[in-house]
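Below is one structure, written out as structure tokens; comments come after it.
First listed ligand is number 1; within each ligand, the first listed atom is number 1.
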Amino acid sequence: MFDGTKNIYKVAFDATLEGVLLADFNAKIISVNKAIEPLLGYAVDEIIGKDLHIFIPKSLHKIHKKHYRAYFNNPDYLSIDNHRDVIGVRKDGTKIALELRLNLFEFQGAKYAKALITDITKRKEKEKALEQAKMKLEGKVIDNTKELKKLVLQLQKTNADLEEQILKKNEAENRVKKALLVERELSHLKTKFLSLASHEFRTPLSGILTSAILISKKIPEDQKKISKHVTTIKTMVNHLSNILDDFMSLEKLESGDIHYKFTHFEFNTLMDEIIKESKSLLKKGQTIQYKPCQKCPKIFQDRKIVKIILNNLLYNAIKYSPENSPVEISVETDEFVTIKIADKGIGIPVEDQKNIFKRFYRASNAIHLQGTGIGLNIVKANVEGLGGSIRFTSKENKGTTFIVKLPKNN
Ligand code: ADP
């Protein structure tokens, strides 16, 4: 050991940043280092020989002394790392948070305690702030959790309400579906019945027509009146036949059992035929003003079906317009043939217009006139079946215009 050994221990002792305090079994302070002075406010000389409890609050003296003695007798008495946090009292009476690290040692047959003392006020403050922040956070978490629980409850309620609404909606939908099925079934039965009945009417009607034709051939020139009646019979029978045709095409359209027969034909010739045949239906003073298309080429369509379509529209124009009024027909072509049939009749009330193509639908202002509500339904289905389209404009008591567009080449 070199000469300065003792001195170097002393210097190292004083240079230790923590306060170092040595005390004997009776808690008498044997030695302290310099760091104790700023820590506890006592000068080194002043504190040596004093009871170490001078820097422990009086209220804790008794318990502290008990611990100190117990520690001397059994060093395991303290926690494993022999450290503990205590509240200390400085010379000026102010309190200070301290950490004590204790260990026992023997010197010349006697036991001593060495305490390393650190000021942990700042650490404690930080811990306190941290604890407060934690509590605040926990408070917030509790608040948020409460809020969340409230929200979950609300959501559960909304969910239950929604489920109930969906259930009600489903029930209503089911009711509507059932009603629709019943309606469809009824409509099907109606169509079937009409078709059956029409088949039955056809034979006697063609008998009547043939007889009327035969009678008209036998009428002498001077008996014009009889001839007029026979013409009426023929017209009425033709009209009835048209209705029966409608009834029968209904079932075909409904079952999808309709096969179009396309041929090339002169459109103008067909129009002439339609107009000629309709003349017997005209009311007193009614006229047909026809503007044919210029240089109308042959078209490739189902002639019979095109005739059914235009007959229907023209007969309606005549039926739903008054005496002395014109029915205007015009035809134009580009890649389509566009036929306009306009009358100055009763028109279709706005509230009925959206339903007018529905089967059996008749507008409120047409109920007092004869009709079945089938024609337009068949017309639309056929126009679309031939690749065309149909629309109309109408004003009540002013008139109606139907516009049919058919492809020239199907
Ligand atoms: P209906 O046998 O009743 O004439 P339609 O299917 O041909 O049957 O027509 C359906 C309904 O459309 C008619 O009842 C009528 O209310 C209305 N309608 C059709 N064409 C005309 C028209 N040119 N003017 C006024 N109303 C029309």
Could you tell me whether Glu18 and Arg101 have a side-chain N and a carboxylate O separated by less than 4.0 Å?
->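 Salt bridge: no.
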Determine, for Lys128 against Glu131, whether the closest basic-nitrogen to carboxylate-oxygen distance falls under 4.0 angstrom.
->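 Result for this pair is no, no salt bridge flagged.
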Rounded distance (nearest 0.5 Å) linking atom OG1 of Thr400 with atom CD1 of Ile341 |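 If we round to the nearest 0.5 Å, Thr400:OG1 and Ile341:CD1 are 12.0 Å apart.
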To the nearest 0.5 Å, tell me how far Phe300 CZ sits from Thr263 OG1.
->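 Taking CZ in Phe300 and OG1 in Thr263, the distance rounds to 7.0 Å.
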Ignoring angles and geometry beyond distance, decide whether [X] reaches within less than 3.5 Å of ligand 1 through its nitrogen or oxygen atoms.
X: Gly375; value: yes
X: Ala363; value: yes
X: Gly373; value: yes
X: Asp343; value: yes
X: Thr372; value: yes
X: Leu376; value: yes
X: Asn365; value: no
X: Gln370; value: no

Closest protein heavy atom to [atom], given as residue, atom name and distance to 0.1 Å:
atom: atom 17 (C) of ligand 1; value: Ile356 CD1, 3.8 Å
atom: atom 26 (N) of ligand 1; value: Ile348 CG1, 3.4 Å
atom: atom 18 (N) of ligand 1; value: Tyr320 CE1, 3.9 Å
atom: atom 3 (O) of ligand 1; value: Arg362 NE, 2.5 Å
atom: atom 7 (O) of ligand 1; value: Asn316 ND2, 2.8 Å

Run the numbers for me: atoms of ligand 1, each under 4.0 Å from some heavy atom of [X], listed by number.
X: Gly371; answer: 1 (P), 2 (O), 3 (O)
X: Lys319; answer: 1 (P), 2 (O), 4 (O)
X: Ile374; answer: 6 (O), 8 (O)
X: Phe402; answer: 20 (N)
X: Tyr361; answer: 10 (C), 11 (C)

Compare every heavy atom of Leu310 with every heavy atom of Met271, then report the nearest pair and how far apart it is.
->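 Scanning both residues, the minimum pair turns out to be SD-CD1, 3.7 Å.
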Nearest non-hydrogen partners of Pro322 and Lys344, listed with the distance |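 What the structure gives for the nearest pair is CD-O, 3.5 Å.
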Hey, does the side chain of [X] reach the backbone of [Y] with a donor-acceptor pair shorter than 3.5 angstrom?
X: Asp343; Y: Gly399; result: no
X: Lys34; Y: Ala15; result: no
X: Asn377; Y: Phe357; result: yes
X: Lys283; Y: Ser321; result: yes

Any side-chain donor near an acceptor of the partner, Asp352 and Tyr361, under 3.5 Å =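 Side chains of Asp352 and Tyr361: pair found under 3.5 Å.
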Using the six-membered ring wherever Trp is involved, compare the ring planes of Tyr68 and His53 and label them parallel, tilted or perpendicular (cut-offs 30° and 60°).
->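 Perpendicular, since the angle between the ring planes exceeds 60°.
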Would you call Gly347 a ligand 1 contact, heavy-atom distance under 4.0 Å?
->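 Contact check Gly347 vs ligand 1: positive.
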